[in-house]
**Student:** 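I have a structure here, written as structure tokens, and I will follow up with some questions on it.
Both counts, for ligands and for their atoms, begin at 1 and track the order of listing.
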Amino acid sequence: MRVIYSEDHKLRDARTELHAGQLVTPFEAPFRAEWILAAVKEAGFTDVVAPDAHGLGTARKVHDPAYLDFLATVWDRWVAAGFTGEAIANSFAVRRTSQRVPDNIVGAIGHYANAADTSITKGSYEAAIASMRCAVSGADWLAEGNRFAFALCRPPGHHAGIDLFGGYCFINNSGVAAQRLLDHGARKVAVLDVDFHHGNGTQDLFYRRGDVFTASLHGDPMHAFPYFLGHADEEGEGEGVGANRNYPMPPGTPWHVWSSALADALTRIKTFGAEAIVVALGVDTFERDPISFFSLTSDDFTRMGAMISTAGLPVLACMEGGYGVPEIGLNVANVLKGLEA
Ligand SMILES: NCCCCCC(=O)NO
Ligand SMILES: [Zn+2]
């Protein structure tokens, strides 16, 4: 199992997150990647490498280039406007509004934000680029004929849409990796999102495409972030009809319910004809995750990896969510162990 990790994730170290009406210390913090790296090494996954210095060529095929340009410049524009706090959106291009991008940086950040929980700070963009590079390097490892890779992506990416950031995400790492696999010659690829939260960004990227099957198992959006996408009747559009599958589940969902959804998703991925699976690997489905409400145990993550492995396809796992409990490292390591079992 090749592990791809970049020290540059530490450049993403926001001081604030808008949560429950207060500015709190972000749940998505640097310690997460350090705990996970230590745990996977402890579990014997010691083939750890830095990512290659990929540019934005692949990302520009799934994200709006103007959005990527915004990400590259937003912090400097924010500072130039004289603001001393972290860049937080507080006005949004909601229903029945113009989709023109304002020149004003407060307007522009609101145009591109799908949530107010993600403060942008100095270094956030550079960290997001490094995170994307981990995922692209993992896709390259699979394209070289290897079975498994784990991209220890931080910041995460599955809430990043074509031209949207939020939910701690800026560039859709697993989506860029899926595109990279297609660029390497795959005809069909799947993105399987096992994070507690719906992969609204990934769904957005590929909703109208027939070459990437997107499946997401998640907390019912009637009760859980991101709230406004992730329902079972969202099945794709145009060339993408039938290539999107959502499995919304209720609070307290245990392994036997969750795993039946996984089994169905894997069957559909095989029927679709995917040649590889990119797993958006969040471990916030864990029973003690501080911001989620499923009931998976640490042993269930081993079972999860083993089930995904039975599809018999190359797998690239890209780190997504999973917060503030020591078991996040163990849970990630267990998925990797299950994959290789
Ligand atoms: N601030 C609202 C919750 C953001 C969820 C981030 C996450 O774990 N997504 O998978
Ligand atoms: Zn999550």
Side-chain angles (χ1 to χ4, degrees), residues 9 12 14-33 35-36 86-90 92 113-120 124 127-128 131 135 151-161 164-175 191-205 214-230 246-249 251 253 258 278-296 301 304 317-325 327-328 331-332 335:
H9 80 84
R12 170 67 183 162
R15 305 285 90 182
T16 65
E17 172 182 347
L18 181 57
H19 173 76
Q22 293 186 309
L23 288 179
V24 303
T25 300
F27 290 95
E28 204 295 293
F31 75 84
R32 297 179 61 244
W35 286 9
I36 292 164
E86 296 183 331
I88 302 175
N90 61 21
F92 301 91
N114 63 13
D117 58 358
T118 307
S119 308
I120 297 179
S124 293
S131 186
L152 212 176
C153 298
R154 187 186 166 270
H158 73 146
H159 296 307
L164 292 165
F165 78 94
Y168 316 151
C169 301
F170 302 98
I171 297 173
N172 196 310
N173 305 308
S174 54
V191 180
L192 171 63
D193 192 321
V194 297
D195 186 282
F196 169 78
H197 303 91
H198 175 245
N200 56 331
T202 314
Q203 178 172 312
D204 185 37
L205 260 54
T214 46
S216 180
L217 290 67
H218 50 267
D220 187 332
M222 295 300 283
H223 306 290
F225 184 94
Y227 304 117
F228 310 118
L229 214 57
N246 285 324
Y247 301 84
M249 289 174 272
T253 292
W258 192 93
V278 180
V279 177
L281 178 57
V283 291
D284 40 7
T285 48
F286 182 54
E287 58 189 347
R288 285 191 292 283
D289 186 87
I291 64 169
S292 308
F293 57 51
F294 281 172
S295 302
L296 270 55
F301 288 99
M304 182 190 298
C318 295
M319 195 66 221
E320 295 286 354
Y323 304 100
V325 288
E327 291 93 338
I328 57 173
N331 294 340
V332 172
V335 173

**Student:** Within the distance-only criterion (no hydrogens, no angle test), does the side chain of N114 pair as donor or acceptor with the backbone N or O of H159 below 3.5 angstrom?
**Tutor:** yes

**Student:** Tell me, please, if H197 has any N/O/S atom, main chain or side chain, under 2.8 Å from the Zn ion (ligand 2)?
**Tutor:** yes

**Student:** Only heavy atoms of E17, strictly under 4.0 Å: list the atoms of ligand 1 that pass.
**Tutor:**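 This gives 1 (N) as the contact atoms.
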
**Student:** Donor-acceptor pair, S216 side chain versus G199 backbone, under 3.5 Å?
**Tutor:** yes

**Student:** What part of Y323, side chain from CB on, backbone N/CA/C/O, both or neither, has a heavy atom under 4.0 Å from ligand 1?
**Tutor:**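 Side chain only; the backbone of Y323 stays clear of ligand 1.
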
**Student:** For residues H218 and D193, is any side-chain donor paired with an opposing acceptor at under 3.5 Å?
**Tutor:**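 No.
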
**Student:** Using a 4.0 Å heavy-atom threshold (strictly under), name the region of F196 that reaches ligand 1: side chain, backbone, both or neither.
**Tutor:** neither

**Student:** Which ligand 1 atoms are under 4.0 Å away from a heavy-atom of H158?
**Tutor:**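 Answer for ligand 1: 9 (N), 10 (O).
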
**Student:** So is G282 touching ligand 1 or not, going by heavy atoms under 4.0 Å?
**Tutor:**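 For ligand 1, residue contact (heavy atoms, under 4.0 Å) with G282 is absent.
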
**Student:** In terms of residue, atom name and distance, what is the protein heavy atom nearest to atom 3 (C) of ligand 1?
**Tutor:**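 It is F225 CG, 3.7 Å.
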
**Student:** Confirm or rule out an N/O/S atom of E320, from backbone or side chain, lying less than 2.8 Å from the Zn ion (ligand 2).
**Tutor:**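 Checking the Zn ion (ligand 2) against E320, no N, O or S atom falls under 2.8 Å.
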
**Student:** Taking the six-membered ring for Trp, are F301 and F286 parallel (under 30°), tilted (30 to 60°) or perpendicular (over 60°)?
**Tutor:**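 Ring orientation, 0 to 90° scale: tilted.
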
**Student:** Show me which atoms of ligand 1 lie under 4.0 Å from any heavy atom of G167.
**Tutor:**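 So the answer, numbered in order with elements, is 6 (C).
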
**Student:** Going by the order shown, which atoms of ligand 1 are within less than 4.0 Å of some heavy atom of D195?
**Tutor:**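 Every atom of ligand 1 under 4.0 Å from some heavy atom of D195: 9 (N), 10 (O).
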
**Student:** Please work out, at 4.0 Å between heavy atoms, whether the side chain, the backbone, both, or neither of E28 comes within that distance of ligand 1.
**Tutor:** neither

**Student:** Does the side chain of S174 come within less than 4.5 Å of E320's, by heavy atoms?
**Tutor:** yes

**Student:** Considering only heavy atoms, does H159 approach ligand 1 within less than 4.0 Å through its side chain, its backbone, both, or neither?
**Tutor:** side chain

**Student:** Among protein heavy atoms, which lies nearest atom 1 (N) of ligand 1, and at what distance?
**Tutor:**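 Sorting protein heavy atoms by distance from atom 1 (N) of ligand 1 puts D117 OD2, 2.7 Å first.
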
**Student:** Does F225 have its ring centroid less than 6.0 Å away from the ring centroid of Y168?
**Tutor:** no

**Student:** Do the non-hydrogen side-chain atoms of E28 and R12 ever get within less than 4.5 Å of each other?
**Tutor:**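 Answer yes - side chains close enough.
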
**Student:** Go through the steps to decide whether H198 and N246 satisfy the test side-chain hydrogen bond (donor to acceptor under 3.5 Å, both in side chains), and finish with yes or no.
**Tutor:** CA-CA 8 Å; H198 175 245; N246 285 324; 3.0 Å; yes

**Student:** Any side-chain heavy atom of L281 sitting closer than 4.5 Å to one from V194?
**Tutor:**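 Yes. Closest side-chain heavy atoms under 4.5 Å.
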
**Student:** How wide is the angle at the Zn ion (ligand 2) between OD2 in D284 and OD2 in D195, to the nearest 10°?
**Tutor:** 90°

